[in-house]
Amino acid sequence: MKAVKVENLTKKFGEFTAVDNISFDIEEGEIFGLLGPNGAGKTTTISMLATMAKATAGKAVINGYDMKTSQDGVRKSIGIVFQDQSLDEELTARENMDFHGRLYRIPKEVREERIEELLRLVGLFERKDDLVKTFSGGMRRRLEIARGLLHRPKVLFLDEPTLGLDPQTRNYLWEYIEKLNQDFKISVIITTHYMEEADRLCDRIGIIDKGKIVAMDTPENLKDRIGGDIITVKSPDYREKIKDCGFFWIDRTEFFDGFFTITLSGAEEHLTEIISALIGQGIKITSVSMHKPTLEDVFLHYTGRSIRDEEAGAKDRMRMMHMVRRH
Amino acid sequence: MDVIYTIWLRNVKRYIRSKSRIVGSLGMPVFFLIFLGFGLNSVVTIPGASENYTEFLVPGIVAMSVLFTSIFAGIQIIWDKQFGFLKETLVAPVSRFEIMLGQTFGGATTAIIQGGIILVLSLFIGLSFPGLTGSLIAAGFMILIGIAFTALGIAIASRMEDMNGFQLIMSFLVFPLFGLSGAMFPISSLPPLFKTLTLFDPLTYGVEGVRYGLTGASQIDPVISLAVLFSFSVVMIMLGGYLFKAVKV
């Protein structure tokens, strides 16, 4: 049985399509990543799968429960860490856990045993009787993850789990998520706009852009599809001059505003040759860089835009979504 | 039942921990009691009643205290919405009506504690102890006021995006509810139009019920008060439950 099965899931806010006909499966014990810029539809997807938002169309089955017909079955099967904090700051760590355990109707003895075990696991046992408002961002995240595991869910949803955390805490959380996945044999669906995070953690990644999944595979395969190393040349005026110069690599080139990329295997060996040829054509070069393909390149390849550029534009889109939602 | 208790417990825990809130919301009713009670006691006599004005005023202020605390307790779910905690509750495999009931009873409990404190303080400024039966009757009415108006607060909060509208509700809902309720003046001596208005105010029946319990006298038959207030509570729970069901986070 698949842990999660999503078919043609769609969500519209008025005219705006936030999630556009997406389909994917998650195997048991798999870590699946939804990678995309802010506003791409990741959180909306998670909300629908977690029964917090109604899908406009499509179907999802989680742990054998249909999202539409057995909402409570789905809710019992999932643990979720929301993008925004959802702890009660006026309660202690233990009380937050206890509240959750009671809501999920876990019997007292089991509840207390698991709370202790999980708080130890996330390294918060010593602080169990401190109010959450005294906790740092990383501690709060760990507590939320522990809480999400309390009712032994089959699928754990992590919506941007490391957003706003410092690199050290982020690394720590990554190790932690990997450990959970192995120890509990739990399926994890993680949304992120950090390439590194997706690359490091996920068994498979769905790249999501403007509500659509544009590519889905293992991180290795996605990067292999790029087909070689990437040379990025920044140049203000290349477009006119590069057209008919007949370089052998021209059909392995993608053109963008103010820069172009060349994908070649063994790029090091061709670098001097390429640069001399460009200079020979009178093309001004601002900078040249070369790297092994990353998910950033994969994103660029499939969407024609860099995920960092997307960050700015996404804010407007989110604002628009918010307005639409109000009406 | 577990779920209702869980949510109730959280509300009560939070209340007990917020010392400043307890003291803060005692301030206004206490000042009302002292200023109005002592200030007007010697100049105001209630027509056709043996009690003095302070004794007349105490039930009104107790009811006011329960009203303010319960409406505020209901509206507080907006904070839960804004601070994200509501999501944690809503994503759990429990019905929204249970959550709403837990919030209602939690809010009502805090409101009754607030009212009870005022009641005890009143004993020091002239209220004579009403006896056990009287106290229980008063407590019963306080519970109903607490439940009805916490539920109303939840109903309102379910339709509000943030706390911006709070002042509006205080000025145009809570204060008129209090002012029209006959908490501060006997309704029998009002001009007819005004009197009709007070009879449409559900809090009137609460105040009259508490007053019957505490002083043994009231202008509305306590059975009628009980029937009206009880029905109002049921309607408010239905309304709150209905609107809370549609809450989006």
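Keep in mind that the numbers below use all heavy atoms, side chains included, and drop hydrogens, waters and symmetry copies. Every chain is numbered from 1, with letters handed out A, B, ... down the list of sequences.
- For the pair B/Gly84 and A/Ser86, the tightest heavy-atom approach, listed with the atom from each and the gap, is O-CB, 3.2 Å.
- In terms of non-hydrogen atom pairs under 4.5 Å with chain A, the most contact-rich of B/Val94, B/Val91, B/Val3, B/Leu86 is B/Val91.
- Residues from residues 113-145 of chain A that place a non-hydrogen atom less than 4.5 Å from a non-hydrogen atom of chain B comprise A/Leu131, given in numerical order.
- Heavy atoms of A/His151 lying under 4.5 Å from chain B are absent altogether.
- Counting heavy atoms of neighbouring residues, nucleotides and ligands inside a 6.0 Å radius, atom CZ of B/Arg159 does not exceed 12 of them.
- With values rounded to the nearest 0.5 angstrom, B/Leu9 atom CG is found 9.5 Å from A/Phe99 atom CZ.
- Other residues, nucleotides and ligands contribute at most 12 non-hydrogen atoms within 6.0 Å of the OH atom of A/Tyr65.
- From A/Ser47, atom OG reaches atom NZ of B/Lys87 across 6.5 Å, with rounding to the nearest 0.5 Å.
- Of all the heavy atoms in A/Tyr104 and B/Pro93, the pair that sits closest is CE2-CD, 3.1 Å.
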**OP:** Test B/Phe83 against A/Asp88 for side chain to side chain contact (heavy atoms under 4.5 Å, CB included), laying out the working first.
**Re:** CA-CA 8 Å; B/Phe83 290 113; A/Asp88 187 338; over 6 Å; no
Original post:
Does the salt bridge (Lys or Arg N to Asp or Glu O under 4.0 Å) test come out yes or no for B/Lys13 and A/Glu95, once each step is laid out?
Top reply: CA-CA 10 Å; B/Lys13 268 186 182 162; A/Glu95 284 169 340; 3.4 Å; yes
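- Remark: B/Ser70 pairs with B/Ala111, B/Phe149, B/Thr150 by the side chain to side chain contact (heavy atoms under 4.5 Å, CB included) rule, at least two apart or across chains.
- The pair A/Arg105-B/Glu98 meets the salt-bridge criterion, with a side-chain N (NZ, NE, NH1 or NH2) lying under 4.0 Å from an Asp/Glu carboxylate O.
- For chain B, the nearby parts of A/Leu91 are the backbone and the side chain; heavy atoms of each come within less than 4.5 Å.
- Summarising the geometry, atom CD belonging to B/Glu88 is positioned 11.0 Å from atom CD belonging to A/Gln85; distances are rounded to the nearest 0.5 Å.
- At a 4.5 Å heavy-atom cutoff, B/Ser95 makes no contact with chain A through either its backbone or its side chain.
- Interface check for chain A: of the options B/Asp2, B/Ile99, B/Leu90, the most heavy-atom pairs under 4.5 Å are formed by B/Leu90.
- Other residues, nucleotides and ligands contribute over 12 non-hydrogen atoms within 6.0 Å of the CE atom of B/Met28.
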